[in-house]
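Single-structure report; data block below.
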Amino acid sequence: MAKNGEKLFIKGNEAISRGAIAAGLKCYFGYPITPQNDIPEYMSAELPKVGGEFVQAESEVAAANMLIGAAAAGSRCMTSSSSPGVSLKQEAISYLAGSQLPAVIVNMNRGGPGLGDIGPSQGDYFQATKGGGHGDYRTLVLAPGTCQECYDLVIEAFDLAFKYRNPVMILGDAIVGQMKEPVITREVKDHDAAEGKEWRIEGAKDRDHRIIKSLFLTEGSLAGHNQALQAKYDEMAKNTKQELFETEDAELIVVAYGSIGRIVKSTVRKLRAQGHKVGLFRPITLYPFPSEELNKLAKQGKKFLTIEHNLGQMVEDVRLSIRTITDSDFFGFMPGNLPTPDDFEEPILKSLGGK
Amino acid sequence: MSEQEILAFDRADAIVDVPTHYCPGCQHGVAHRLAGELLSEMGLTEDTLLVTSIGCSVFLYNYLNVDSVEAPHGRAPAVATGVKRARTDKFVLSYQGDGDLASIGMAEIMHIANRGEKVSIIFVNNTVYGMTGGQMAPTTMEGQKTTTSPNGRDPMKEGQAIRMAEIIASLGGTAYSARVALNNVKNIRKAKKAMKKAFEVQQKGLGFGFIELLATCPTNWRMTPIQANERVESEMIPYFPLGVYKDVTAED
């Protein structure tokens, strides 16, 4: 079991695994794909020791569908994969959302489309935040930028999954997954054993039988169901998470998330030392997107530059958030390459100096 | 009910007292009833977690008085694995048709059997896709006309009907695999016995239990219920032989 306050020097992938077990993970289902193999490897060795179940599924498809079963039984369950594997999981994620089931899905994003490469990328932003599978639904998405956040956010992901009865995705990449940093562990005492008692399948005794499903054929019933889902998403939007760094007196706000947000922070620090008035807005909740917080900054007259490790995806959400006031520049660092803080200096200075 | 009337039998507690939606002559109702009776007789009703699949049988959750979860097309064995791993103390039952189990879900059924998950799967083989309107199934027989094999299934282009009970029996984690038919009273009685065996191997923790039921689909076969029953006897049983293909309890 996780000790409180233990300081470990571990990879982001291991931090995710340890965080999940600390959060009371009972079932892990996965299939090997680079760059997240540390997670199933860790789970195969460690989860059975705390009474949990590990299954190396026959495919990503099967792994995600095993989540449906374990989640329906009220169990804290998780799968992890990387981009092509996550595409295969999307059908089940749609069913999880439609059936209102809690589960955690980790995507250590690699370069795409197609087989792409195994290097870091943020090319799955649209897939993660806009649904990904079929139908009207959303997945709650959290993007860690440090190994400590890998640990902390996976714990939070389980709480949110059960609070909203909705799939929650951790969206990382090969940078945060493969780098090592000090991580302080914590005990999670309050994951309630009674979680899900009012809806989970556990055997019908002294009550009517329960049916967990996403099929609504009677006229009007799907509309009602989808309205209830939307109300849930609206509720989620009230609690977004974001990091604001040096934004107060900044003229230019750089919006970047995950590993890229972390790297941009170094650039901002360096430019600040040189006297440039730049700041960082790092969304941690990618869905719901922290639009209101960003809008507040726009009202203060800030300029914006969105930096992503892709061809331009989150920039659409940034623009939607500030559209009535201003616009955002965009700088896309090509997937398949590993950026350093220096790579972002020029685009930031250009946006700062521009109109 | 007047005082003179005497019930010949009671409805099993695992069966919900509602009319089913199936077509006349369809044998899903018979299969549901056998499953429900067994759950009641074996005292499993309150401990059963049911996984329903896609196709005509998806509404099984309305007819069995047990907690249930619905699986995507073909994935019921994966969903059942998740349920069983989360609740190893429960009885897990799943129910799939031939398109669901032997076509889109072929990978999942192979691997649940091979892993020897302690669950029971009832497989209804009526050689056709029912709910979607009579298209060719992996179990459609040579020469059989369907809406997507209008000239009859051609084995040179479309392959031959897959025999699942034999394939499942060949996998390491299978504790019981049998094929039975629902076309007459004698066979229905045998079917119930076989289903009971499949349930028992799960209860004993011996491995995966699989029951293939040969059943009718008069609507999509364009037959009367009587003709459909005759087809089971004259065409299906010769190609899909009835019998027990694996029973680890018999090897003791």
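It should be emphasised that the depicted structure is a prediction, and the values quoted were computed from it without experimental measurement. Numbered from 1 within each chain, the chains take letters A, B, ... in sequence-line order.
Here the CG-NZ distance, from B:D47 to A:K205, works out to 8.5 Å after rounding to the nearest 0.5 Å. Residue A:I201 holds its CD1 atom at 13.0 Å from OH of B:Y61, rounded to the nearest 0.5 Å.
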Show me, pair by pair, the donor-acceptor contacts under 3.5 angstrom made by side chains of residues 59-73 of chain A, not counting sequence neighbours?
from: A:S59; atom 1: OG; to: A:V61; atom 2: N; distance (Å): 3.3
from: A:S59; atom 1: OG; to: A:A62; atom 2: N; distance (Å): 3.0
from: A:N65; atom 1: ND2; to: A:V61; atom 2: O; distance (Å): 2.8

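Atom NZ of B:K196 has 12 or fewer heavy atoms from other residues, nucleotides or ligands within 6.0 Å. Summarising the local packing, CG of A:L222 is surrounded by more than 12 heavy atoms from other residues, nucleotides or ligands at distances under 6.0 Å. By the 6.0 Å contact criterion, CD on A:E198 is enclosed, its count of non-hydrogen atoms from other residues, nucleotides or ligands being greater than 12.
Between A:E53 and B:T88 the shortest side-chain heavy-atom distance falls below 4.5 Å. B:D89 is not listed as a side-chain neighbour of A:E202, based on a closest heavy-atom distance of 4.5 Å or more. Side-chain contact check for A:H209 versus B:L50: every heavy-atom pair is 4.5 Å or farther apart.
Neither the backbone nor the side chain of B:V51 comes within contact range of chain A; no heavy atoms are under 4.5 Å apart. With a threshold of 4.5 angstrom between heavy atoms, B:I54 approaches chain A through side-chain atoms but not through N, CA, C or O. Interface remark: A:L217 contributes side-chain atoms only to the contact with chain B (heavy atom separation under 4.5 Å). For a residue to count as touching a neighbouring chain, one of its non-hydrogen atoms must lie under 4.5 Å from one of that chain's; by this rule A:S214 touches chain B with backbone and side chain alike. Of the two parts of B:L44, neither the backbone nor the side chain holds a non-hydrogen atom closer than 4.5 Å to a non-hydrogen atom of chain A.
When all heavy atoms are compared, the tightest approach of A:R200 to B:D67 is O-OD2, 4.0 Å. Closest approach of B:E70 and A:Y95 over heavy atoms only: OE2-CE2, 4.5 Å.
Counting heavy-atom pairs under 4.5 Å between each of B:V16, B:V92, B:T81, B:L49 and chain A puts B:L49 at the top. Contact tally against chain A (heavy-atom pairs below 4.5 Å) for B:P77, B:A76, B:A78: the top residue is B:A78.
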(message) Between A:E58 and B:N114, does the side-chain contact (heavy atoms from CB on, under 4.5 Å) criterion hold? Intermediate values first, please.
(response) CA-CA 11 Å; A:E58 60 270 31; B:N114 200 49; over 6 Å; no
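Close approach to chain B, defined as a heavy atom under 4.5 Å from one of its heavy atoms, is seen in A:E91 of residues 84-92 of chain A, taken by number. Residues of residues 26-33 of chain A that come within less than 4.5 angstrom of chain B, heavy atom to heavy atom, are A:C27, A:F29 in numerical order.
For residues 96-108 of chain B, the set of pairs meeting the salt bridge (charged side-chain N to carboxylate O under 4.0 Å, His left out) definition, not counting sequence neighbours, comprises B:R75-B:E108.
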